[in-house]
Amino acid sequence: MQRYFVDPSQMKEQYVVITGDDVNHIARVMRSRAGDEIICCNGQGRDVRGAIEEIGADAVRVRILEEDLPSRELPVQVTIAQGLPKGDKMELVIQKGTELGAFSFCAFTSLRTVVKLDDKKEKKRRERWQKIAKEAAEQSHRSKVPNIANMLTWRELLASVTQFHYALFAYEKEETSTLRRALSEVPAGSRILLVIGPEGGFDEKEVVEAEAAGFTSVSLGRRILRAETAPLYALSCVSYEFEQA
């Protein structure tokens with residue numbers, strides 16, 4: 001059953017009004033008709049099953065049939081802070097990371113970051129990344145669309161540690177502390193910041209600064225992972241720890 005995210009103001013007590021690009025998707029891509037059932041989410045935890053009543057040129061009206069559908073969210077809120085990678089790798093991280101349950105994403109720049117974006121390019125990238133997150137959340141039947149935060153500098157990222165219960169950063173030279181061990185101490189409901197470096201990894205100076213700021217260095221295993229592979233591996237570990245174990 002197709003899932004659509006709507007603004008909370010569009011979800012009333014007994015019906016939902018869908019507007020924007022989703023109208024075209026319902027009418028022309030899915031070729032839906034009156035009576036077809038879909039799922040609507042307000043992104044704040046309210047998911048409903050409904051039946052299409054009317055498909056107009058600018059809006060689709062849906063009658064609510066069922067409330068309180070099962071949640072598919074991770075028991076912890078994981079924010080992926082990704083060192084800005086080259087090309088379209090960030091798109092892959094956001095798409096697959098959303099499917100794997102990430103709560104939010106932010107890109108950051110550090111000493112070994114190669115890509116440089118001005119304000120205009122950053123805004124355009126974030127708009128595209130947010131759209132990718134929405135589509136991936138609908139496809140994977142998420143109840144919430146991950147937020148794509150503003151890009152951060154390394155200093156800004158270090159300062160954000162106070163917003164989370166646990167702050168971890170993946171470091172290929174870490175030999176004693178593993179992600180699994182760190183997650184075993186995390187209770188459900190926690191906010192976790194997981195930092196993944198750019199293609200060149202972290203400078204040793206940055207490792208010292210991160211640990212001084214309150215981050216815990218963790219290993220993601222014996223193999224060296226690509227920048228776009230590491231967050232997906234980490235999210236899989238989170239899912240296993242909290243949903244499968």
Side-chain angles (χ1 to χ4, degrees), residues 3 5 8 41-47 67-83 93-108 133 136-137 140-150 152 154 156-197 202 206-223 225 227-245:
R3 178 170 296 231
F5 284 90
C41 313
N42 69 355
Q44 299 179 353
R46 186 185 179 196
D47 299 355
E67 295 266 4
D68 301 324
L69 302 183
S71 174
R72 300 178 186 271
E73 298 301 307
L74 282 174
V76 290
Q77 295 181 359
V78 181
T79 293
I80 297 295
Q82 178 79 45
V93 169
I94 290 172
Q95 181 187 61
K96 302 308 178 185
T98 297
E99 292 179 26
L100 290 167
F103 181 78
S104 61
F105 298 88
C106 72
F108 69 91
S140 57
H141 283 208
R142 294 280 303 273
S143 296
K144 298 179 180 179
V145 178
N147 178 59
I148 311 300
N150 291 333
L152 301 177
W154 176 245
E156 290 170 335
L157 178 63
L158 295 183
S160 72
V161 68
T162 57
Q163 303 173 26
F164 301 88
H165 297 117
Y166 297 87
L168 313 174
F169 74 97
Y171 184 44
E172 66 272 15
K173 294 183 180 180
E174 176 58 51
E175 297 180 351
T176 58
S177 178
T178 65
L179 177 60
R180 180 181 181 184
R181 185 176 302 165
L183 292 175
S184 68
E185 301 175 359
V186 176
S190 298
R191 297 189 301 275
I192 303 171
L193 175 60
L194 181 58
V195 179
I196 307 295
F202 291 111
E206 292 172 329
V207 175
V208 174
E209 292 174 340
E211 291 178 340
F215 284 80
T216 299
S217 171
V218 296
S219 167
L220 298 186
R222 300 176 181 178
R223 291 161 296 282
L225 305 178
E228 68 273 25
T229 305
L232 308 184
Y233 172 89
L235 285 166
S236 298
C237 290
V238 173
S239 175
Y240 180 83
E241 181 68 27
F242 290 93
E243 297 181 310
Q244 305 296 329

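All values derive from a computational prediction rather than experimental measurement. By convention here, the first residue in the shown sequence is residue 1.
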### Task
Using the side-chain contact (heavy atoms from CB on, under 4.5 Å) rule, take F103 and L74 through it: C-alpha gap first, then chi angles, then the decisive distance, then the call.
CA-CA 8 Å; F103 181 78; L74 282 174; over 6 Å; no
Are any side-chain N or O atoms of [X] and backbone N or O atoms of [Y], one a donor and one an acceptor, separated by less than 3.5 Å?
X: R72; Y: S140; value: no
X: S239; Y: L235; value: no
X: Q82; Y: F105; value: no

### Non-hydrogen side-chain atoms of R46 and E67 separated by less than 4.5 Å
yes
When rounded to the nearest 0.5 angstrom, what distance separates [atom1] in [X] from [atom2] in [Y]?
X: N42; Y: F5; atom1: CG; atom2: CZ; answer: 9.0 Å
X: T98; Y: I148; atom1: OG1; atom2: CD1; answer: 6.0 Å
X: F164; Y: Q77; atom1: CZ; atom2: CD; answer: 9.0 Å
X: L225; Y: L232; atom1: CG; atom2: CG; answer: 10.0 Å
X: R142; Y: S71; atom1: CZ; atom2: OG; answer: 9.0 Å
X: L158; Y: E211; atom1: CG; atom2: CD; answer: 11.5 Å

Quick check: closest heavy atoms across [X] and [Y], and the distance to 0.1 Å?
X: S219; Y: G221; result: OG-N, 3.1 Å
X: A102; Y: I80; result: CB-CG1, 4.3 Å
X: W154; Y: E209; result: NE1-OE1, 2.8 Å
X: K144; Y: Q44; result: CE-C, 4.4 Å
X: I196; Y: A170; result: CD1-CB, 3.9 Å
X: P146; Y: A137; result: CD-CB, 4.4 Å

### Task
Applying side-chain contact (heavy atoms from CB on, under 4.5 Å), run through S236 and Y240 and close with a yes or a no.
CA-CA 6 Å; S236 298; Y240 180 83; over 6 Å; no
### Pairing residues for A159 by the side-chain contact (heavy atoms from CB on, under 4.5 Å) criterion, not counting sequence neighbours
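By the side-chain contact (heavy atoms from CB on, under 4.5 Å) rule, A159 matches no residue at all.
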### Task
Not counting sequence neighbours, which residues clear side-chain contact (heavy atoms from CB on, under 4.5 Å) with V208? List them please.
none
### Query
What's the verdict on side-chain contact (heavy atoms from CB on, under 4.5 Å) for F169 and S217, showing C-alpha distance, side-chain angles and the deciding distance?
CA-CA 5 Å; F169 74 97; S217 171; 3.6 Å; yes
Kindly list each side-chain donor-acceptor pair under 3.5 angstrom involving residues 178-193, sequence neighbours excluded, with atom names and distances?
unit_1: T178; atom_1: OG1; unit_2: R181; atom_2: N; d: 3.1
unit_1: R181; atom_1: NH1; unit_2: T176; atom_2: O; d: 2.8
unit_1: S184; atom_1: OG; unit_2: R181; atom_2: O; d: 2.6
unit_1: S190; atom_1: OG; unit_2: P187; atom_2: O; d: 2.7
unit_1: R191; atom_1: NE; unit_2: Q163; atom_2: O; d: 2.9
unit_1: R191; atom_1: NH2; unit_2: Q163; atom_2: O; d: 3.3

### Query
Would V218 and E174 count as a side-chain contact (heavy atoms from CB on, under 4.5 Å) if you check the C-alpha gap in whole Å, the side-chain angles of each, and the deciding distance to 0.1 Å?
CA-CA 6 Å; V218 296; E174 176 58 51; 5.5 Å; no
#### Entry: Donor-acceptor pair between T79 and S104 side chains, under 3.5 angstrom
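Result is yes, a qualifying pair exists.
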### Task
Describe, in one word, how the ring planes of F202 and F108 are oriented to each other, choosing from parallel (under 30°), tilted (30 to 60°) and perpendicular (over 60°).
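The arrangement is parallel - the two ring planes meet at less than 30°.
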